[in-house]
Amino acid sequence: MLVYLIRRIGQSIMVVAVMATLVFLAVFAVGDPVAILASPDADQRELEAITTRLGLDRPIYEQFGIFVWNALQGDLGRSFVYAQPAVDVILQRFPATMELALAALILSILLGVPLGVIAGLKPESLLGRSIMTTSIFGFSLPNFWLGLMLILLFAVQLRWLPASGRGETVEVFGVHLSLFTWDGLRHLFLPALTLSLYKASLVIRIAQAGTREVMLQDYVRFARAKGLSYNRIVFVHVLKNMMIPVVTVLGLELGSMIAFAVVTETVFAYPGMGKLLIDSINRLDRPVIVAYLMLTVVIFVIINLVVDLLYAAIDPRVRLTESKG
Amino acid sequence: MSKAVLDVKDLSVSFRTREGLVTAVNSISFSVGAGEVLGLVGESGSGKSVTGLAVLGLIDPPGEIDPRSSIKINERELIGLPEEKLRRVRGKDVAMIFQDPMTTLNPVLRIDTQMIEAIRAHEKISEKAARERARQALEKVGIPSADERLKAYPGQFSGGMRQRVAIATALLNRPTVLVADEPTTALDVTIQAQILSEVQQLCSETGTALVWITHDLSVVAGLADRVAVMYAGRIVEEGPVSAVLEAPIHPYAAGLIGSVPSRNKRGVPLAQIRGMTPSLTNLPPGCPFAPRCDYATDICRSTMPEPTPYEGGRAARCHHPLSAPTPAAA
Ligand SMILES: Nc1ncnc2c1ncn2[C@@H]1O[C@H](COP(=O)(O)OP(=O)(O)OP(=O)(O)O)[C@@H](O)[C@H]1O
Ligand code: SF4
Ligand SMILES: [Mg+2]
């Protein structure tokens, strides 16, 4: 297990290094931040001063060297716009996005697993078929449209929930969280629901297929032959096996949830990392873009690691083979 | 024969399929006494597993047991019992083990979980007491350091060991009847023999009636008291093992015996039953074996032979019985 862990961490570091190079090269090719930051009537000398201050006059390999050296010390440059370290700017927004992604993840499990299991246990029934048909909508409706429709319905028509913003936060260990205030939850609900529906549909389909497959297994028949109750069979024998693919996929999808949050946050004017990214791209705030991309890579890599470990925790077969190898 | 603890009468099971109604088990009757072993033999697709599952009440749609069938365990009728009552019969009065030991145990649950739940599904008993019983059951089937093994997952056992765990689990509640559906077919020969004799011994100790399903007559020869030969959903011959093996009445039974290697003289090629297992959707009007039978005549092709009792507790369905045994007096 330890050897496996070390190997996995090594791989993760490689991924981050490669991504760092790609991110730097890609972002270097985007626009000219000086032109945006300087006032329109600035003369050549002012422009040069800004260029020198931002380090944009050095050759690209030197900029890369500085970038890597600083990145290793946790410094991804200063935001041109906020005049603060880019990492700090991102991290201020990070809790909001994580809250959104986690809330969406939980919603997609709460919606997806029960519906998927029901549809899997009775695939031929009207209910089972309806669930599967509905899940197709969840797949095909575009995120931003869904968001707008939910705003129209719940915020404009019914006036039940707020349409935008993050709501009240409380500070927990120095982090601003909205999960613990009623106002925060009310603000969180619509964006989280929007973000979750695609994943919920995915979970429904995986859970349904998984349940159907598991129900046909010999061990379910043996469990029935032992005289176990239907509930015991479904909640212990079926659920535990069926959750293996669900956890795997959802773990990997948590990363893309953060990425998808870009659209959702923009629609709901939700002050998370995604909205910050869009704002930074509009203003060519290169260090913030770089910091966002790097942070996302690191998050992805960490999530994958955690998923593998989780996977080993629920599936003894993985645990056993890995400890041998 | 001692009093029958499992008494099956006119059991029919059909499946609604796209090709039409398939009657996988067609009006079969048999009974097994306490401590007795019945071998249920036949080619692939003859309906052996469906028979076994029907006894446990485990036929799922599109399958259906004909409501006129009767399955009695200790004189209690199981056909028509509501699901909750059937559940209490399964694993308590009648247990079953399956062919593939690699897939019968749930891979993500520990052995102790899977054994203890089998006890607690039928008895209000403490976790600790149930665990102790599970431990003893594992020891009985020859699993060393049972205490430790209880905490293991199925993946940590070999195929033979897994089948032993399944057997121990099935016998936890001392069932009246155990249905064993080819439990040794997937194992290698030496382990087959060990497991065979272990199950036989365990069942005779507790007086459990054993229905041993197999397509291998040589297994039945050493194990069973009686044998029932199935063909296309029907029992075509039934009787004491020694009598049937010595002098089969039905040509199909004779063919099966002829294809067992150990019963042939050296140098004589193995007899084979020619032709293929018939498709159940398209059976001939008369004897289903007629297209493959060397003794078939016109009456075979037009009229279904009825079960006929013969002396010595035997029965067969054939118009032209081999070895001319005396029909039993009516
Ligand atoms: N779920 C099902 N749906 C449709 N038909 C079925 C189903 N289960 C069984 N059958 C039919 O019942 C027949 C008998 O099947 P069964 O499994 O009892 O055979 P078997 O004698 O156990 O054969 P084997 O030696 O291969 O295990 C099959 O040929 C098949 O046509
Ligand atoms: S009834 Fe006729 S066809 Fe059928 S087994 Fe007997 S002899 Fe053969
Ligand atoms: Mg079978």
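The model shown is predicted, which means the values in this text are computed figures rather than measured ones. Chain A is the first sequence line, chain B the second, and so forth, proteins listed ahead of strands; every chain is numbered from 1.
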task = Starting from the C-alpha separation in whole Å, work towards a yes-or-no answer on side chain to side chain contact (heavy atoms under 4.5 Å, CB included) for A/Lys226 and B/Glu117.
result = CA-CA 9 Å; A/Lys226 290 193 291 192; B/Glu117 69 181 359; 2.9 Å; yes
key: Interchain contact, B/Ile119 with chain A, by part (heavy-atom threshold 4.5 Å)   = neither
ask   = So which of B/Val179, B/Leu56, B/Asp60 has the largest heavy-atom pair count under 4.5 angstrom toward chain A?
value = B/Asp60
key: Check: B/Arg88 side chain, A/Gly227 main-chain N or O, donor-acceptor pair, under 3.5 Å   = no
message = Less than 4.5 Å to any heavy atom of chain A: does that hold for the side chain of B/Leu109, its backbone, both, or neither?
response = side chain
message = Under 4.5 Å from any heavy atom of chain A, what part of B/Gln114 do you find: side chain, backbone, both or neither?
response = both
ask   = Among B/Ala121, B/Pro107, B/Pro175, who wins on heavy-atom pairs under 4.5 Å with chain A?
value = B/Pro107
request  = Mark yes when over 12 heavy atoms from residues, nucleotides or ligands other than B/Glu64 sit less than 6.0 Å from its CD; otherwise mark no.
outcome  = no
task = Check the surroundings of atom CD in B/Glu83: do more than 12 heavy atoms from other residues, nucleotides or ligands lie under 6.0 Å from it?
result = yes
note = Between the CZ atom in A/Arg224 and the CG atom in B/Leu58, the distance rounded to the nearest 0.5 Å is 5.0 Å
inquiry  = Working to the nearest 0.5 angstrom, can you tell me the gap between B/Arg87 CZ and A/Tyr230 OH?
reply    = 14.5 Å
CZ/A/Phe137: more than 12 non-hydrogen atoms of other groups inside 6.0 Å = no
inquiry  = Looking at every heavy atom in both A/Ala225 and B/Met96, which two are closest together, and how far apart are they?
reply    = CB-CB, 4.3 Å
Enclosure of B/Glu148 CD (heavy-atom neighbours >12, cutoff 6.0 Å) = no
ask   = Which residues from residues 213-223 of chain A are near chain B, with near meaning under 4.5 Å between non-hydrogen atoms?
value = A/Asp218, A/Tyr219, A/Arg221, A/Phe222
Option that, when pairs with chain A are counted at under 4.5 Å, heavy atom only, ranks first among B/Leu172, B/Val94, B/Leu53 = B/Leu53
